[in-house]
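As the structure is a computational prediction, the values presented were derived from the model and not from experiment. Heavy atoms only: backbone and side chains are in, while hydrogens, waters and symmetry mates are out. Below, read A as the first sequence line, B as the second, and so on, with proteins coming before strands; counting in each chain starts at 1.
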Amino acid sequence: MNREKMAEVLEKIALLLELKGENPFKVRAYRQGAEVVMSLEEDIVGLAKADQLKGIKGIGEALRDKLGELAKTGRLEFYENLIAEFPDTIFDLFDVQGLGPKKIKALYEALGVDSLEKLKRACEADEVAKLAGFGAKTQVKILEAIAANEKFADRFTLGEIKPMVENILDTLRQHPEVSRVSVAGSYRRAKETVGDLDFLVATRQGARVCEDFTTLPEVDAVIACGDTKASVRLKNGIHCDLRAVTSAEFPFALQYFSGSKEHNVAIRSLALKKGWSLNEYGLNPTDRATARPEVNEEEDIYSALGLQFIEPELRENRGEIEAAMENALPRLVELMNLRGTFHNHTTASDGRDTLEGMVEEAMELGLQYLGISDHSKSSVYANGLDEERLLQQVKAIRELEEKLGGFRIFAGSEVDILKDGSLDFGDEILAKLDYCVASVHSIFNLDEATMTERICRAMENEHVTMLGHVTGRLLLKRDAYVVDHARIIDCAAATGTIIELNCSPMRLDMDWRWWKRARDKGVLCSINPDAHSRGGLHHLGLGVRVARKGWLRREDVLNTRSVQEVEEFLKTPKGAR
DNA sequence: GCCGTTTTCGGCCCGACTGTTTTCAGTCG
């Protein structure tokens, strides 16, 4: 039993109760329970096993018992009875745009529809349109939604949709009737993947702007279009909403639609305590209210509630509101703080650009130093360097550096962590490098304890400056290999090993949820693009956003330091850094 | 089912949009 499985059971119970027409608040309680299970800092499975869930907000007596049973026996009778009432394939129906519990229930009871396949056939046989509450248009929309689901992925990585978001923002800014523009939602909060996009505009001509939005070249299908809201599906399949509000409403709408839902629930209840009812249009006095604060920007809303401004990346209800009350929010790292970066590849292994090309791009970006760390010999698939080629590369780096004068190139290696935790190069070779990134690139299927031990052993090596991509995850493609993050963070703290924030768009690894803990234990971060081409260096901005989401400050990140400081750091023995 | 500075019962966010209705239910965020 693990955290994910526990949350999934609660999530599925919520759906099944909805199908049965249960009290919506009970449904919500299960859904919130799933949320709590996923976001709790402590080891929820261990706590559940030991009957120590008491006092956790959102987990009451009933959920406590159910989680306890689940953790101890791996099963839950209540759930098994519930799930036996419906076929497993019925869950797929909830993914169809426009179908909710009531409609699914009707389809199931009247037509026996319990899978996507049966739904499709029922629509094609014109049976759905005849049902009460359904009609011809609904039937067409269901078929379209099924087709869209078959054709497209339902989530996108933050990195891959960035160019498109920038494009749409530019177009909206140029609209003559639009005065203010922003993207909101999980994209603005820098979640590693997003399921949809939310755009917000200030205008007096909502209907017209909404209409124009639906004719953008990126739009594939229009789902809805009214006076204040338009909803479309873009050609790459992503769902995209536009909200049009007045300029006075804009800060409220921006706050509201940026979420997260959990953050907003907490903010609104705080507002109520102060005598204000907060929604997407404004701050309205309840009977206890004092004078209405002036709000022109989002910052003014937080300030009216007696809070420090909370950066969007932090709005996950993970302690940011409490910190803002005490004026204790960190000043987050910014892109302009970065002076260089480590973990980059060249044509020597599997990169697409030469050493000279990579350095040139780094200089263009205004960096003062660049770390080169090509793959080591065990990564045969990536043309990894053996000892001889590595030493040649070090020589080439020193020569290029000499020629450039002033720009520092750190010679390193991304050395493979072998199965037993030993390294692909011996200490005598590693000692000749300026630094070294150690990463796992093979044998991903070890159990958690063995994998964690393997990684910790590598970190104990004096020459390992930093740990590369902690879990090896490829977002939406390959799961993380299982590691005990808490132990790895402790080990990094104990050995003075840096943990990399790999900001390749597919990775964003270590996950943002762990950085605050690492920071509090004194572990240093290095924001590394894992660049395999000149363009790859541009992902540093993405890395900064994730670092911010992990509560990191400038001083928590190695590559905000100057060349001299980094040299000093690397010269100092690990234990003394 | 959860929660409590309206505290053990009675609330729990609510507004926009659509389609099928003839005044509203369902979905979505």
Side-chain angles (χ1 to χ4, degrees), chain A residues 10 13-14 17-36 53-67 78 93-107 128-142 144-145 184-187 194-200 206-207 210-211 214 222-233 239-245 249 252-253 256-282 284 286-288:
Chain A
L10 295 187
I13 290 175
L17 293 180
E18 246 180 344
L19 266 185
K20 295 183 65 153
E22 258 288 4
N23 173 0
F25 298 108
K26 187 192 277 196
V27 172
R28 188 201 290 175
Y30 277 97
R31 204 155 271 153
Q32 274 174 349
E35 202 67 49
V36 171
L53 292 175
K54 209 168 166 128
I56 297 174
K57 208 165 175 245
I59 309 283
E61 207 181 325
L63 263 67
R64 209 150 57 216
D65 288 347
K66 291 190 172 74
L67 289 176
F78 174 76
L93 300 182
F94 285 92
D95 294 333
V96 178
Q97 164 96 37
L99 284 192
K102 300 281 168 55
K103 286 215 162 92
I104 293 173
K105 186 167 189 247
L107 287 164
V128 171
K130 292 182 190 128
L131 277 185
F134 292 71
K137 280 196 176 176
T138 307
Q139 186 169 273
V140 170
K141 289 223 164 190
I142 289 174
E144 283 174 358
S186 53
Y187 183 89
V194 299
D196 55 22
L197 292 171
D198 301 282
F199 292 96
L200 186 66
C210 284
E211 171 115 28
T214 63
V222 179
I223 295 161
C225 182
D227 291 345
T228 65
K229 182 189 166 181
S231 198
V232 301
R233 189 178 64 239
H239 185 108
C240 197
D241 284 345
L242 176 77
R243 305 276 176 161
V245 296
E249 291 162 343
F252 297 101
Y256 184 92
F257 289 114
S258 291
S260 66
K261 194 178 73 210
E262 294 75 20
H263 173 87
N264 283 352
V265 166
I267 288 287
R268 287 199 296 273
S269 90
L270 182 65
L272 274 178
K273 280 184 200 155
K274 304 229 172 218
W276 298 99
S277 159
L278 177 66
N279 65 20
E280 62 264 55
Y281 301 113
N284 298 305
T286 59
D287 42 3
R288 295 194 288 153

- Quickly, which of A:Glu22, A:Glu35, A:Lys66 forms a side chain to side chain donor-acceptor pair (under 3.5 Å) with A:Tyr30? Name it, please. A:Lys66

- Task: Mind checking A:Lys66 for me? I need base, sugar-phosphate or nothing, with any heavy atom below 4.0 Å counting as a touch.
- Result: sugar-phosphate

- Query: A:Leu17 and A:Lys26: which non-hydrogen atoms are nearest, and at how many Å?
  - Reply: CD1-CD, 4.1 Å

- Message: As a test of reading the structure: which of B:dT20, B:dG1, B:dC17 is closest to the side chain of A:Thr138, going by heavy atoms?
- Response: B:dT20

- Within this structure, what is the CG-to-C1' distance between A:Leu17 and B:dG1, rounded to whole angstrom? 10 Å

- What integer number of Å spans the C1' atoms of B:dG29 and B:dC13? 12 Å

- Query: Rounded to whole angstrom units, what separation is found between the CZ atom of A:Arg28 and the C1' atom of B:dC13?
  - Reply: 7 Å

- Task: Please report, rounded to the nearest Å, how far the P atom of B:dT21 is from the NZ atom of A:Lys137.
- Result: 13 Å

- Message: Considering every strand and a 4.0 Å limit on heavy-atom distances, what is the contact class for A:Lys261: base, sugar-phosphate, or nothing?
- Response: nothing

- Message: Rounding to an integer number of angstrom, what distance separates B:dT8 and B:dC2 when you compare their C1' atoms?
- Response: 12 Å

- Looking only at atom C1', what distance separates B:dC12 and B:dC17, rounded to whole Å? 24 Å

- Item | Heavy-atom side-chain proximity of A:Leu67 to A:Leu10 below 4.5 angstrom | yes

- Item | Nearest-angstrom distance from the residue atom CG of A:Asn264 to C1' of B:dC12 | 17 Å

- Using the C1' atom on both, measure B:dT23 against B:dT18 and round to a whole Å. 15 Å

- Quote, to the nearest angstrom, the P distance that separates B:dA16 from B:dT20. 22 Å

- Note on the structure: When rounded to whole Å, the CD1 to C1' distance for the pair A:Ile56 and B:dG1 reads 16 Å

- Message: When you measure from the side-chain N and O atoms of A:Arg64 to the phosphate of B:dC2, is any distance below 4.0 Å, counting only OP1 and OP2?
- Response: no

- Report the distance from atom CG of A:Leu67 to atom P of B:dC2, rounded to the nearest whole Å. 10 Å

- Message: Looking at B:dT8, which nucleotide sits across from it as a Watson-Crick or G-U wobble partner, both distances under 3.5 angstrom, or is there none?
- Response: none

- Task: For B:dT21 versus B:dG26, give the span between their C1' atoms, rounded off to a whole number of Å.
- Result: 12 Å

- Under 4.0 angstrom, heavy atoms only, what part of the nucleic acid is A:Ala230 near: base, sugar-phosphate, or nothing? nothing

- Query: Side chain of A:Tyr281: nearest nucleotide among B:dC12, B:dG1, B:dG15?
  - Reply: B:dG15

- Note on the structure: Sorted by chain and number, sequence neighbours left out, side-chain contact (heavy atoms from CB on, under 4.5 Å) with A:Tyr281 holds for A:Val245, A:Glu249, A:Asn279

- Query: Rounding to a whole Å, what distance do you find between A:Glu61:CD and B:dC3:P?
  - Reply: 11 Å

- Could you tell me the separation between the NZ atom of A:Lys26 and the P atom of B:dG10, rounded to a whole number of Å? 18 Å

- Message: Suppose we screen for side-chain contact (heavy atoms from CB on, under 4.5 Å). Which residues come up paired with A:Thr138, at least two apart in sequence or across chains?
- Response: A:Lys103, A:Phe134, A:Ile142

- With a cut-off of 6.0 Å (strictly less than), are more than 12 heavy atoms of other residues, nucleotides or ligands near CD of A:Glu211? no

- Task: Tell me whether the OP1 or OP2 atom of B:dC17 has a side-chain N or O from A:Thr228 closer than 4.0 Å.
- Result: yes

- Side-chain heavy atoms of A:Arg243 within contact of A:Lys229, under 4.5 Å: yes

- Nucleotide nearest A:Arg268 when distance is taken to its side chain, options B:dC2, B:dC13, B:dG19: B:dC13

Using nucleotides 25-29 of chain B, report all nitrogen or oxygen pairs with the protein that are shorter than 3.5 Å.
{"unit_1": "B:dT27", "atom_1": "OP1", "unit_2": "A:Gly100", "atom_2": "N", "d": "2.7"}
{"unit_1": "B:dT27", "atom_1": "OP1", "unit_2": "A:Gly100", "atom_2": "O", "d": "3.0"}
{"unit_1": "B:dT27", "atom_1": "OP1", "unit_2": "A:Lys103", "atom_2": "N", "d": "2.9"}
{"unit_1": "B:dT27", "atom_1": "OP2", "unit_2": "A:Lys102", "atom_2": "N", "d": "3.3"}
{"unit_1": "B:dC28", "atom_1": "OP1", "unit_2": "A:Gly98", "atom_2": "N", "d": "2.8"}

- Query: Does A:Arg31 come within less than 4.0 Å of A:Glu18, counting only side-chain N to carboxylate O?
  - Reply: yes

